[in-house]
Number of protein chains: 2
Amino acid sequence: MLTGESRRGRGGDGLERPTGTREKILAQSLALFNARGLGRVTTAEIAAASGIREGNLQYHFPRKSGLVEALFSAFEVEAETVAGRMPADPAAPEALLAYQRGWFDLIWRYRCIYRDGIAMVEIAPALRPRVHALRARTQALARGVFEAAVRAGRLRIAPDALGRLIDNAWIVSSHWMSHRLQGSTELTQADLDWGFAQVSDLFAPYLVMDNPD
Amino acid sequence: MLTGESRRGRGGDGLERPTGTREKILAQSLALFNARGLGRVTTAEIAAASGIREGNLQYHFPRKSGLVEALFSAFEVEAETVAGRMPADPAAPEALLAYQRGWFDLIWRYRCIYRDGIAMVEIAPALRPRVHALRARTQALARGVFEAAVRAGRLRIAPDALGRLIDNAWIVSSHWMSHRLQGSTELTQADLDWGFAQVSDLFAPYLVMDNPD
DNA sequence: GTCTATATATAGATAGAC
DNA sequence: GTCTATCTATATATAGAC
């Protein structure tokens, strides 16, 4: 249980289907943060969107950083699930694309974490080591998936080059939003598709198109 | 001449060898912004570092955004020079590496622009269209350099794939800092080398190693 | 658990004396 | 051109009544 937050009897991350005030706050926060960025949403707005007063928001989340930490905790759980989802058939042409799609869906739902560069760790510095650790764990899981694709003959790449490719895919996956937001003020489905195509393109030179069987 | 700033008789961007108060302010601001990020440096600190009082800083730059805009203007001029520097021999193995090095040196000197994602355009919204336009101009210039490398037989890539490759190189070049800053609080030379290697790796699959002659 | 009302902190902008 | 002093805005945190 996180420090500085009220404890509740029931579990769940409370982001889908809000069942109480705390859950409602988290759901509304995520929506506002996704739309405008972590640094451009005030606690007053979150309270208003949640249908409560600021004092009550303070009761549930004494600090804005605690709110961000709670959202990150929910993301953390989902990220590890998505990263560890090994394709049934790593040789299938659509396997890696489906894996990437899983990541993009998750990132899109929690895009507030990614849209403003390092804003999250500046608002909630306690998250810095957790961000680092989560990246290490999920990248290791992703590497396992790509190595399976190499063994299945679907991907042709040397082990050290694979490490750099994964790092580049990580950077583009995580920062295409910032890149697009420098020119406009909001993200659309078209931006999402653009980002997906950019990441796909990173893998293109290493994909083996002909089935090796 | 930018609005909202004092006018001076002499020219120059005033970033190297400060010759007056305005130049000193700009040089100190760039150093502080590079070290800690645009959003984590106050006007009070800038005034102190420049050896003047806050009121005097207000005289030269009535708004913090004006300060950021002035720094961006200096960057803008240099960026266009660096992007347009066509290698003497586009077929030479070191030509593209030298071109990339030119960009990295520039980005490193103005790293405050890149280290915090979209922080700059949030502090100075007037820069949004200029960032967009500068990117379009410099990417077009870069494309010209890469197309010369293709014609020289140094790079083997289809025209549409080249566009996506340049976009990916742009994202990695611009955001490897944010990526590294999520785990630590400051950037080192080792980070710079890491970023350079990551971008180089993007081009590796398309490089023709054997001289076609 | 929720509210009202108030306090604190910080940054940035302003007015005017010198 | 530089200073002192003040002001406003915003955001976040606290105390205590209900």
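Numbers restart at 1 for each chain; the letters A, B, ... are given by sequence-line order, proteins then strands. The figures that follow rest on heavy atoms only: side chains count, while hydrogens, waters and symmetry mates do not.
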Trainee: I need the CD-C1' distance between Q58(B) and dA13(C), as an integer number of Å.
Mentor: 6 Å
Trainee: Using atom CZ of F61(A) as one end and atom P of dG1(C) as the other, report the distance to the nearest whole Å.
Mentor: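 After rounding, the gap between these two atoms is 12 Å.
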Trainee: Rounded to the nearest Å, what distance is computed from the CG atom of residue L57(A) to the P atom of nucleotide dT14(D)?
Mentor: 13 Å
Trainee: Please report, rounded to the nearest Å, how far the P atom of dC3(D) is from the CG atom of N56(B).
Mentor: 5 Å
Trainee: Using atom NE2 of H60(A) as one end and atom C1' of dG1(C) as the other, report the distance to the nearest whole Å.
Mentor: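 Whole-Å distance recorded here is 6 Å.
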Trainee: Taking CZ from R40(B) and P from dA11(C), how many angstroms apart are they, rounded to a whole number?
Mentor: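 Whole-Å distance recorded here is 10 Å.
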Trainee: Can you list everything that forms a ring pair (Phe, Tyr, Trp, His ring centres under 6.0 Å) with F203(B)? Sequence neighbours excluded, please.
Mentor: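 For F203(B) the ring pair (Phe, Tyr, Trp, His ring centres under 6.0 Å) partners, ignoring immediate neighbours, are F146(B).
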Trainee: In terms of relative ring orientation, are H175(B) and H179(A) parallel, tilted or perpendicular, with 30° and 60° separating the classes?
Mentor: perpendicular
Trainee: When you measure from the side chain of Y59(A), which nucleotide among dT2(C), dA11(D), dC3(C) comes out closest?
Mentor: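 Side chain of Y59(A) sits closest to dT2(C).
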Trainee: Sequence neighbours left out, what pairs pass side-chain hydrogen bond (donor to acceptor under 3.5 Å, both in side chains) with at least one residue falling in residues 26-49 of chain B?
Mentor: R36(B)-E45(B), T42(B)-E45(B)
Trainee: Please report, rounded to the nearest Å, how far the P atom of dT12(D) is from the NZ atom of K64(A).
Mentor: 4 Å
Trainee: Looking only at side-chain N and O atoms, does T21(A) come under 4.0 Å of OP1 or OP2 in dT2(C)?
Mentor: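 Yes, such a contact exists.
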Trainee: Which one, dT14(C), dT12(D), dC3(D), comes nearest to the side chain of E54(A)?
Mentor: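 The closest nucleotide is dT12(D).
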Trainee: Are the side chain of S50(B) and the backbone of I52(B) linked by a donor-acceptor contact shorter than 3.5 Å?
Mentor: no
Trainee: In whole Å, I'd like the distance from the CZ atom of R53(B) to the P atom of dA17(C).
Mentor: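 Atom-to-atom, R53(B) to dA17(C), this comes out as 20 Å.
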